[in-house]
Protein chains: 2
Amino acid sequence: MMRAAAVAYQAIQCGITEGDYPPGSWIREDEVAARAGVSRTPVREALRKLHSEGIVELLPNRGAVVVGWTSHDLDDIFDLRMMLEGYAVRRVVEAPRGDIDLPALNAMCTEMEQLLDQGGTANHDRIGELAVAFHSALHRASGNRQLMSILPGLNQVPLVHTANRQRTHEQLARSLTQHREILEAITAGDADWAEAVMRAHVRAARAALRTEDSRPADVPAREA
Amino acid sequence: MMRAAAVAYQAIQCGITEGDYPPGSWIREDEVAARAGVSRTPVREALRKLHSEGIVELLPNRGAVVVGWTSHDLDDIFDLRMMLEGYAVRRVVEAPRGDIDLPALNAMCTEMEQLLDQGGTANHDRIGELAVAFHSALHRASGNRQLMSILPGLNQVPLVHTANRQRTHEQLARSLTQHREILEAITAGDADWAEAVMRAHVRAARAALRTEDSRPADVPAREA
DNA sequence: ACGCCCCCGGTTGTATACGATCTGATAGCG
DNA sequence: CGCTATCAGATCGTATACAACCGGGGGCGT
């Protein structure tokens, strides 16, 4: 049985990606509670979490508003990810405090490659999950605890707002190749190499999103 | 009238800095509620916020544990701050999207300098508050929205765990000088200069903390 | 003696009820 | 006619009550 707070969280997150809560719109606690089949208490908890991830804005005594993201904002987010993910792999090489399980990471790469060969939307989604796990494992291996709490939050915004966007086969293939290269650089003990590949990797991911991240002009991109 | 959630938040935060909740210890919702004079609901909200800031760890159905920080963890935090604050001022210069109020920032510097001249513990605390506001204003001026939600969280850990530590007059004086220099670099439109000063500024702050951040050996530094 | 199972106290998780606060509209006044 | 004060509705914030869950301790069987 899933926790009510988690149910509410997913309901809201899903509602945002599906377009039920467009950017700039209000999210009413009662409404979400009814939709998710829980009471307002866990809904409030979910909204605070979404706020800490930057997905919604909380106006005291007013409620929650879905934050809108311009193409420019996405650039900013990927700027930060490029810096931080690059720093993370550098740390993995230079200060190997956190234990790193290279065989497990390589196995994840293999699985992703197989899924890509098989094709299919469901498999593509599974690749996305594995990619998140892959990066998460690297964050853990960096040994920087604060990094581990920051980077997931940075991933959240692009995930929520681009979930239904498909990356091409070529984009995914390159992404997986870069994963392998990152592991190779780590194995070689080359921090500069690892950081450089990771930065390119993040940049490429942003470019893959950029192709059509323009939104209809009538939808406000921000709330304020 | 302050919100009950804010009262609970401060009560916990204060309890941690005062040593009532040492690292590794449990924070019971009932206990905090009684201490803060509120019900458990806002206490829970405060604990979730502290969790999102990395101050406490939440064990499902078990409760909250105070996270312990080693000297090494503090190094990591300031590593991140150095990167991110440096990036922020670079952005202030290169992509001046967010409006920057240089006169107001200079006024803050003047006030801090006056407070330093007057001396006294209370004034030192006030300088600390102003310094946080100063950096916060720069984050805002960077125009990177995610940055504004990340950096306050990074400040929180050092603040909570080093609040009662006094910085020397010389350390504070240098810190204020660097603030001025940062503004001067921004005014000159020199991003490299601004970033370099900011990185040094953060590094110096970490060094000021390092002088005695070793803790008694019998107190567990981490919870796990 | 050792290990397993069940029960119980304590704590968290959720639901519901009530009080506080804000927005928008409306009526009264200058 | 425009502005301000007031009120009603809606929504959030908090308190309280109850249900669910976890961990430890005692008893039982092997």
Side-chain angles (χ1 to χ4, degrees), chain A residues 1-16 20-68 149 220 222-224, chain B residues 1-16 20-68 149 220 222-224:
Chain A
M1 186 51 189
M2 208 169 186
R3 295 204 336 158
V7 173
Y9 181 84
Q10 285 198 339
I12 301 170
Q13 196 176 20
C14 182
I16 293 176
D20 297 334
Y21 303 116
S25 67
W26 293 90
I27 300 182
R28 299 294 170 203
E29 297 176 358
D30 281 322
E31 196 272 340
V32 176
R35 166 199 292 239
V38 298
S39 79
R40 274 179 52 214
T41 310
V43 172
R44 286 176 62 80
E45 185 176 326
L47 282 173
R48 304 307 159 114
K49 185 174 176 188
L50 287 162
H51 174 63
S52 77
E53 290 165 345
I55 307 293
V56 305
E57 186 75 9
L58 289 181
L59 292 310
N61 282 309
R62 301 274 314 275
V65 177
V66 181
V67 174
S149 62
R222 299 192 170 215
E223 84 285 1
Chain B
M1 186 54 189
M2 208 171 189
R3 295 207 332 159
V7 174
Y9 181 85
Q10 284 199 341
I12 300 170
Q13 196 177 20
C14 181
I16 292 176
D20 297 334
Y21 304 115
S25 67
W26 292 90
I27 301 180
R28 297 296 168 201
E29 297 176 359
D30 280 322
E31 195 272 339
V32 176
R35 165 197 294 238
V38 298
S39 79
R40 273 180 53 216
T41 309
V43 172
R44 287 176 61 80
E45 185 177 326
L47 282 173
R48 303 307 156 111
K49 185 174 176 188
L50 287 162
H51 174 64
S52 79
E53 290 166 342
I55 307 293
V56 304
E57 185 76 10
L58 289 180
L59 290 312
N61 282 308
R62 302 276 311 278
V65 178
V66 180
V67 173
S149 62
R222 298 189 172 220
E223 85 288 0

J.: Which residues satisfy the side-chain hydrogen bond (donor to acceptor under 3.5 Å, both in side chains) test with R35(A), sequence neighbours excluded?
T.: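 Applying side-chain hydrogen bond (donor to acceptor under 3.5 Å, both in side chains) to R35(A) gives D20(A), Y21(A).
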
J.: For residues 8-15 of chain A, which side-chain donor-acceptor pairs fall under 3.5 Å, sequence neighbours excluded?
T.:
residue: Y9(A); atom: OH; partner: E53(A); partner atom: OE1; Å: 2.7
residue: Y9(A); atom: OH; partner: E53(A); partner atom: OE2; Å: 3.2
residue: Y9(A); atom: OH; partner: Q156(A); partner atom: NE2; Å: 3.3

J.: Report the residues that fulfil side chain to side chain contact (heavy atoms under 4.5 Å, CB included) with R3(B), sequence neighbours left out, ordered by chain and then residue number.
T.: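 Listed in chain order: R48(A), A5(B), A6(B), E45(B).
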
J.: So, using side-chain hydrogen bond (donor to acceptor under 3.5 Å, both in side chains) as the criterion, who are the partners of R28(A) when residues are at least two apart?
T.: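 Here no residue qualifies.
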
J.: With sequence neighbours left out, write down each residue that passes side-chain hydrogen bond (donor to acceptor under 3.5 Å, both in side chains) with D30(B), or none if nothing qualifies.
T.: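 D30(B) satisfies side-chain hydrogen bond (donor to acceptor under 3.5 Å, both in side chains) with no residue once adjacent residues are dropped.
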
J.: Any chance you could list the contact pattern along nucleotides 7-18 of chain C? Use B for base contacts, S for sugar-phosphate-only contacts and - for none, protein heavy atoms under 4.0 Å, 5' to 3'.
T.: ----SBBBBB--

